[in-house]
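Have a look at the structure below before the remarks.
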Amino acid sequence: MLIVCVVALGFPSRFWIAKDSVIADREPLPKDVDPTAPNDARMYNYALGGKDNYSADRHVSEEIRAALPVAINAVRENRKFMRRAVRYMLSIGIRQFLDLGCGLPGRGNVHEVVHGVDPEATVVYVDQDPVPVTHFQALLSSSRTATAVQADIRRPAEILSDRDVTGLIDFSRPVGVLMVAVLHYVFDEDDPAGIVTAFSDALSPGSHLAVCHFTSEGWGPEDLEFLNGLAESAGVPVALRDRAQIAALLGGLDLIEPGLVLPAHWRPDRAVSEPSGWLLAGICRK
């Protein structure tokens, strides 16, 4: 949501309507939206069969798909893990969700999974990209239990104090926080562990945090060099981390079983196809 840009071969709109896989502008684009530059959210949208993307997004996505065909599996694994994580949190009674780095709406959005179980449960989407936020706001314009906020995960205090966030999320009760394919966009100089701590400190006991992170493990040197080079050239670099480094970001939170694993192996609800091996995922409990 913000999501796995370099594997998106990871952000329906009434403002930009797609025709034949090309977004047609019905209203002027926001001034900070550049349709000539690849965008992680739109690439993810393209990978999942959406039409909210431009030729620049499709061009880079197809380059990746041609060189690394397994990339599309990683995108799907991430999305499926997100939905399973939400269903798990619902099963243990959580009724408030904060989706950080939400990306563009697609099939099986968090609020759809949540409201399928409890229409009164609340959901707040957060993204620094104005396009996903605008799309979600349009989609949720008539909802009183879900909204979207434009904010940067690297400034957690602003998110935690935002009126739209606190209007729907009561941090004195358990919250389900989703950091699904977002922390690998936060480099060490921006203190990703400190960001996780800032959010976890604000949560009440019983809250859960789901993470899915691009991993450096299991790559051959040539593929890794290609991936890093392509991400840099597309202007969307990622921070690759191994299992120990990802676990270290989680601070004092307790990973629940089965721990930090390939997303396809986190409590699968159906037969698992061959995992891409590109991601590690887990859920922590406070």
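Just so you know, these numbers come straight off a predicted model, no measurement behind them.
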Before giving the answer on side chain to side chain contact (heavy atoms under 4.5 Å, CB included), spell out for V114 and L90 the whole-Å C-alpha distance, their side-chain angles and the decisive distance to 0.1 Å.
CA-CA 7 Å; V114 169; L90 286 165; 4.3 Å; yes
Applying side chain to side chain contact (heavy atoms under 4.5 Å, CB included) to A198 and not counting sequence neighbours gives P156
Residue list, salt bridge (Lys or Arg N to Asp or Glu O under 4.0 Å) with E217, at least two apart or on another chain:
R243
Who passes side chain to side chain contact (heavy atoms under 4.5 Å, CB included) against A248, sequence neighbours left out?
none
Qualifying residues under side chain to side chain donor-acceptor pair (under 3.5 Å), relative to D191, sequence neighbours excluded:
none
Joint hydrophobic cluster, Y185 plus V133, side-chain heavy atoms closer than 4.5 Å:
no
Min side-chain heavy-atom separation V110-M82 under 4.5 Å
yes
So, for S216 and L240, which heavy atoms are closest and what is the spacing to 0.1 Å?
CB-CB, 3.7 Å
Residue set satisfying side chain to side chain contact (heavy atoms under 4.5 Å, CB included) with R267, at least two apart, ordered chain then number -> Y88, I256, E257, P258
Side chains of P275 and H265 in contact at under 4.5 Å (non-hydrogen atoms)
yes
Please list, chain by chain and in numerical order, all residues satisfying salt bridge (Lys or Arg N to Asp or Glu O under 4.0 Å) with D242, sequence neighbours excluded.
none
Flag side-chain contact, heavy atom, 4.5 Å: V123 against L168
no
Hey, does H135 have a side-chain heavy atom less than 4.5 Å from the side chain of L139?
no
K286 side chain to S204 main-chain N or O, any donor-acceptor pair under 3.5 Å?
no
Interatomic distance, E120 atom CD to R144 atom CZ [nearest 0.5 angstrom]:
4.0 Å
Heavy-atom closest pair (I94 atom, G176 atom, distance to 0.1 Å) is CG2-N, 3.5 Å
So do I159 and F199 actually touch side chain to side chain, heavy atoms under 4.5 Å?
yes
Holding to side chain to side chain donor-acceptor pair (under 3.5 Å), I want the full list of residues that pass it with D164, two or more places apart in sequence or in another chain.
none
For the residue pair L253 and L209, what are the closest heavy atoms and their distance?
CD1-CD2, 3.6 Å
CG/L279 to OG1/T215 distance, rounded to the nearest 0.5 angstrom?
8.5 Å
Is a side-chain donor or acceptor of R285 paired with a backbone partner of P205 at a separation under 3.5 angstrom?
no
Heavy-atom pair with the smallest gap, counting every atom of A281 and C212:
CB-SG, 4.0 Å
Dump the intermediate steps for side chain to side chain contact (heavy atoms under 4.5 Å, CB included) on V124 and V149, then the final yes or no.
CA-CA 7 Å; V124 177; V149 173; 4.1 Å; yes
Residues 93-118 vs ring pair (Phe, Tyr, Trp, His ring centres under 6.0 Å), sequence neighbours excluded, gives H111-Y125
For the hydrophobic clusters of this structure (ILVMFWY residues joined by side-chain heavy atoms under 4.5 Å, transitively), does one cluster hold both F187 and L249?
no
Can you name the closest pair of heavy atoms from F136 and G103 and give their distance?
CE1-O, 3.0 Å
Mind checking side chain to side chain contact (heavy atoms under 4.5 Å, CB included) for Q96 and listing every partner two or more places apart, or none if nothing turns up?
T122, I169, D170, R173, V175
In the structure I gave you, are the side-chain heavy atoms of V177 and L203 within less than 4.5 Å of one another anywhere?
yes
Would you confirm whether E77, through its side chain, and S276, through its main-chain N or O, come within 3.5 Å as a donor-acceptor pair?
yes
Student check: side-chain heavy atoms of N78 and F214 closer than 4.5 Å:
no
Applying side chain to side chain donor-acceptor pair (under 3.5 Å), name anything that partners R163, two or more places apart in sequence or on another chain.
none
Inspect the contact between D118 and R95 and indicate whether a charged nitrogen and a carboxylate oxygen are less than 4.0 angstrom apart.
yes
Atom CG in N109, atom CG in D99: separation rounded to 0.5 Å?
9.0 Å
Between atom CE of M179 and atom NE2 of H213, what is the distance when rounded to the nearest 0.5 Å?
11.0 Å
Under 4.0 Å between a side-chain nitrogen and a carboxylate oxygen: does that hold for E112 and R83?
no
Could you tell me which residues satisfy side chain to side chain donor-acceptor pair (under 3.5 Å) with R87, sequence neighbours excluded, listed by chain and number?
D269
Please tell me if the side chains of W266 and I283 come closer than 4.5 Å, counting only heavy atoms from C-beta onward.
yes
Test side chain to side chain contact (heavy atoms under 4.5 Å, CB included) applied to L260 and L255, step by step:
CA-CA 7 Å; L260 199 57; L255 277 164; 4.2 Å; yes
Trace of the side chain to side chain contact (heavy atoms under 4.5 Å, CB included) decision for V180 with V211
CA-CA 5 Å; V180 178; V211 296; over 6 Å; no
With R241 via salt bridge (Lys or Arg N to Asp or Glu O under 4.0 Å) - residues at least two apart
D188
Kindly say whether G206 contributes a backbone atom to a donor-acceptor pair with the side chain of H208 at under 3.5 angstrom?
yes
Scanning both residues in full, the closest heavy-atom pair of A157 with S161 reads O-OG, 2.8 Å
